[in-house]
Amino acid sequence: MNLLSNLIFLTESSGASEATASQGWLSTLVTWGPVVLIVVLFYFLLIRPQKKQEKKTAEMRNSIVEGDIITTIGGITGTVRQIKDDDTYIIETGADKSKIAIKKWAIQSKDTISN
């Protein structure tokens, strides 16, 4: 009789451990699910659009040619007169046609109207 009671006990305890294992998996999912969801939302709402904007800005800066009218980050508007090899642009601005050297990264926007 003792052998039969041990067999019944082992059968009942193995069923309980399977239930506990499935609850542990569910508990882990409930714990880490929101964190994973937040990371995915950050990627699609913040990181991905920022990378698209940076790519678009880099393409705009690379497409500037002499004669384009540009606006710098500081708000200075002028016409590109010379492009140097070290990412320096010479722009002409103002009524007295002053020339200013600016860096490529300082260009905010361009207008393709040329003089």
Side-chain angles (χ1 to χ4, degrees):
M1 189 73 173
N2 194 8
L3 180 63
L4 183 60
S5 64
N6 284 341
L7 184 60
I8 292 172
F9 175 74
L10 287 175
T11 307
E12 290 175 357
S13 65
S14 67
S17 67
E18 289 174 9
T20 305
S22 68
Q23 288 176 354
W25 165 236
L26 185 61
S27 173
T28 303
L29 181 65
V30 168
T31 302
W32 289 101
V35 174
V36 170
L37 182 64
I38 288 171
V39 169
V40 169
L41 283 174
F42 266 106
Y43 176 76
F44 282 107
L45 294 177
L46 297 175
I47 297 168
R48 188 170 172 225
Q50 182 180 0
K51 286 187 179 191
K52 283 178 136 180
Q53 182 63 35
E54 287 174 359
K55 184 178 178 182
K56 183 179 173 183
T57 303
E59 288 175 2
M60 179 270 302
R61 288 178 179 154
N62 289 331
S63 69
I64 294 174
V65 294
E66 292 180 8
D68 286 344
I69 297 173
I70 62 167
T71 302
T72 66
I73 293 172
I76 298 170
T77 301
T79 304
V80 176
R81 291 297 173 211
Q82 185 180 6
I83 300 173
K84 295 190 176 184
D85 293 335
D86 63 344
D87 292 336
T88 301
Y89 291 78
I90 306 297
I91 64 170
E92 191 175 80
T93 186
D96 60 352
K97 309 263 185 200
S98 300
K99 292 187 178 177
I100 302 172
I102 63 166
K103 292 292 185 180
K104 185 179 196 177
W105 59 262
I107 298 171
Q108 180 177 356
S109 63
K110 82 169 189 171
D111 187 7
T112 55
I113 299 172
S114 58
N115 291 339

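All heavy atoms count here, side chains included; hydrogens, waters and symmetry mates do not.
Atom CG in Leu26 sits 9.0 Å away from atom OG1 in Thr31 (nearest 0.5 Å). Here Gln108 contributes atom CD and Arg61 contributes atom CZ; the two are 8.5 Å apart, rounded to the nearest 0.5 Å.
In this structure, Ile100 is a member of the same hydrophobic cluster as Ile107, with clusters built from ILVMFWY side-chain heavy atoms closer than 4.5 Å. Hydrophobic cluster membership is shared by Ile47 and Phe44, with clusters built from Ile, Leu, Val, Met, Phe, Trp and Tyr side chains linked at under 4.5 angstrom. With hydrophobic clusters built from ILVMFWY side chains whose heavy atoms lie under 4.5 angstrom apart, Tyr43 does not share a cluster with Leu37. Under the 4.5 Å side-chain contact rule for hydrophobic residues, Ile69 and Ile64 do not share a cluster. Residue Leu46 is grouped with residue Ile38 when hydrophobic side chains (ILVMFWY) are merged at heavy-atom distances under 4.5 angstrom, including chains of intermediate members.
Distance alone, capped at 3.5 Å, is enough to place a donor-acceptor pair between the Thr93 side chain and the Thr77 backbone.
Counting heavy atoms from C-beta on, the side chains of Asp68 and Val65 come closer than 4.5 Å. In this structure, Val35 and Trp32 have side chains that are in contact, with non-hydrogen atoms separated by less than 4.5 Å. Ile91 has its side chain within reach of Ile76: a pair of non-hydrogen atoms, C-beta onward, lies under 4.5 Å apart.
At most 12 heavy atoms of other shown residues, nucleotides or ligands fall within 6.0 angstrom of atom NZ in Lys99. The environment of CG in Asp85 is sparse: at most 12 heavy-atom neighbours from other residues, nucleotides or ligands sit within 6.0 Å.
Nearest heavy atom pair, residue Ala101 against residue Ile90, reads CB-CD1, 3.7 Å. Across all non-hydrogen atoms, the minimal contact from Ser63 to Lys110 is OG-NZ, 3.0 Å.
When Asp86, Thr88, Ile83, Asn62 are each tested for a side-chain contact (heavy atoms from CB on, under 4.5 Å) with Lys104, only one passes: Asn62.
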